[in-house]
Amino acid sequence: MASKIFFLLFLLFLAYPHQHACVNGDATLIKRTCKNTKYYNLCFSSLKSDPSSPNADPKGLAVIMIGIGMSNATSTSSYLSSKLLSPSNNTTLKRVIKECADKYTYAGDALQASVQDLLNEAYDYAYMHITAAKDYPNACHNAFKRYPALSYPLDLARREDGLKHICDVAMGIIDNLDW
């Protein structure tokens, strides 16, 4: 799956000329782009730390943020899957953890689809897929709520918030692309 992500990112950067390249160390485009998002600091620090950002146009910055979201979703799914391997007789907990791992996999798939949508300049579909990715963690959280004896793990709550914020940033960037 990771190889598909990088291949799509590579295709996007080859397919579109980078008209708004930043000079190395110049963060003007990143600042301007991030000012239009809900989480400026997350946007700026994430994009500034990515080595491909200085050569990206606004669409490329959206793809970078989506890639960060895919990494978050994939690592959360892997984290949850590893919890299934731990010895436990609580079948309900294991069932909920499996459901959550699946939801984060679906979130990653939705984000991957949004990259393809951006390549096709189908910004409304990209936005829709990112919105779906943002909502999948809610389904996980709700799975825990169905069983009052289970508590929602703090680490999972942090990961949920992280993915939702990353998706908000990506949607904010897409909002400002020329539709």
Side-chain angles (χ1 to χ4, degrees), residues 1-15 30 33-34 37-39 41-53 55-56 59-86 88 93-120 122-123 125-145 150 152-174:
M1 180 179 190
S3 63
K4 287 182 190 177
I5 294 166
F6 292 112
F7 179 71
L8 285 173
L9 290 172
F10 177 73
L11 282 178
L12 181 68
F13 289 115
L14 285 180
I30 294 171
T33 301
C34 291
T37 67
K38 191 173 179 181
Y39 299 102
N41 289 336
L42 172 64
C43 178
F44 184 77
S45 64
S46 298
L47 294 176
K48 187 70 175 148
S49 66
D50 188 283
S52 59
S53 292
N55 299 318
K59 189 187 303 185
L61 295 176
V63 170
I64 291 167
M65 265 330 281
I66 292 167
I68 293 167
M70 286 189 284
S71 294
N72 176 293
T74 301
S75 71
T76 301
S77 180
S78 296
Y79 163 79
L80 290 166
S81 295
S82 74
K83 295 292 184 189
L84 291 172
L85 301 175
S86 63
S88 172
L93 177 61
K94 285 193 174 206
R95 186 171 50 249
V96 170
I97 289 174
K98 170 73 170 104
E99 182 178 341
C100 287
D102 291 344
K103 298 302 180 197
Y104 278 91
T105 297
Y106 301 150
D109 292 346
L111 290 169
Q112 186 171 355
S114 74
V115 171
Q116 185 62 46
D117 295 332
L118 285 174
L119 278 170
N120 296 329
Y123 302 132
Y125 285 105
Y127 200 92
M128 179 192 69
H129 280 115
I130 296 168
T131 300
K134 180 182 172 185
D135 196 43
Y136 278 117
N138 290 332
C140 172
H141 199 145
N142 290 338
F144 273 90
K145 287 180 181 178
L150 298 178
Y152 193 59
L154 183 59
D155 190 42
L156 189 53
R158 281 191 215 109
R159 289 169 180 262
E160 173 186 350
D161 287 342
L163 181 57
K164 287 178 177 181
H165 293 177
I166 291 165
C167 289
D168 279 333
V169 169
M171 289 187 297
I173 295 170
I174 291 171

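A salt bridge is defined here as a Lys NZ or Arg NE, NH1 or NH2 lying under 4.0 Å from an Asp or Glu carboxylate O, and K164 with E160 meets this definition.
For M171 against T131, the heavy-atom pair with the smallest separation is SD-OG1, 3.3 Å. Across all non-hydrogen atoms, the minimal contact from S114 to H129 is CB-CB, 3.9 Å. Heavy atoms only, all atoms of each residue included: G108 and M70 are closest at O-CG, 4.0 Å. Annotation for A133 and L163: closest pair O-CD2, 3.9 Å, computed over non-hydrogen atoms. Residue I173 comes nearest to M65 through the heavy atom pair CD1-CG, 3.8 Å, listed as atom of the first residue, atom of the second, then distance. Here the closest heavy-atom approach between residue S88 and residue K94 is recorded as O-CE, 3.5 Å.
Expressed to the nearest 0.5 Å, how far CD1 of I30 lies from SG of C34 amounts to 7.0 Å. To the nearest 0.5 Å, the span separating SG on C43 from CD1 on I64 amounts to 10.0 Å. Between the CZ atom in R159 and the SG atom in C100 there is a gap of 12.0 Å [rounded to 0.5 Å]. Separating the CG atom in D161 from the OH atom in Y39 is a distance of 8.0 Å, to the nearest 0.5 Å. With rounding to the nearest 0.5 Å, the separation of OG1 in T105 from NZ in K103 is 10.5 Å. The structure places SG of C167 at 11.5 Å from CD1 of I68, a figure rounded to the nearest 0.5 Å.
Here the side chain of N142 pairs a donor or acceptor atom with the backbone of N138 at under 3.5 angstrom. A donor-acceptor pair under 3.5 Å is absent between the side-chain atoms of T37 and the main chain of G172, judged by distance alone. Between the S77 side chain and the T74 main chain, no donor and acceptor come within less than 3.5 Å of each other. The backbone N or O of S49 sits nowhere less than 3.5 Å from a side-chain atom of S53 that would complete a donor-acceptor pair.
Screening N72, I66, I166 for a side-chain contact (heavy atoms from CB on, under 4.5 Å) with L111, the sole residue that qualifies is I66.
The 12-atom threshold is exceeded at CZ of F44, counting heavy atoms of other residues, nucleotides or ligands nearer than 6.0 Å.
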Test side chain to side chain contact (heavy atoms under 4.5 Å, CB included) applied to C140 and L156, step by step: CA-CA 9 Å; C140 172; L156 189 53; 3.7 Å; yes
Which is it for Y123 and L118 under the side chain to side chain contact (heavy atoms under 4.5 Å, CB included) test, yes or no, and what are the steps along the way? CA-CA 6 Å; Y123 302 132; L118 285 174; 3.5 Å; yes
Quick one: do L119 and V63 satisfy side chain to side chain contact (heavy atoms under 4.5 Å, CB included)? Show the steps, please. CA-CA 9 Å; L119 278 170; V63 170; over 6 Å; no
Under the criterion side chain to side chain donor-acceptor pair (under 3.5 Å), I'd like the reasoning laid out for Y125 against N120: C-alpha separation, chi angles, the key distance, then a yes or no. CA-CA 10 Å; Y125 285 105; N120 296 329; over 6 Å; no
Evaluate side chain to side chain contact (heavy atoms under 4.5 Å, CB included) for Y136 paired with D109, printing each intermediate quantity in order. CA-CA 11 Å; Y136 278 117; D109 292 346; over 6 Å; no
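At least one side-chain heavy atom of T76 sits less than 4.5 Å from a side-chain heavy atom of L80. Between F144 and L93 the shortest side-chain heavy-atom distance falls below 4.5 Å.
Using cut-offs of 30° and 60° for the angle between ring planes, the Y152 and H141 rings count as parallel.
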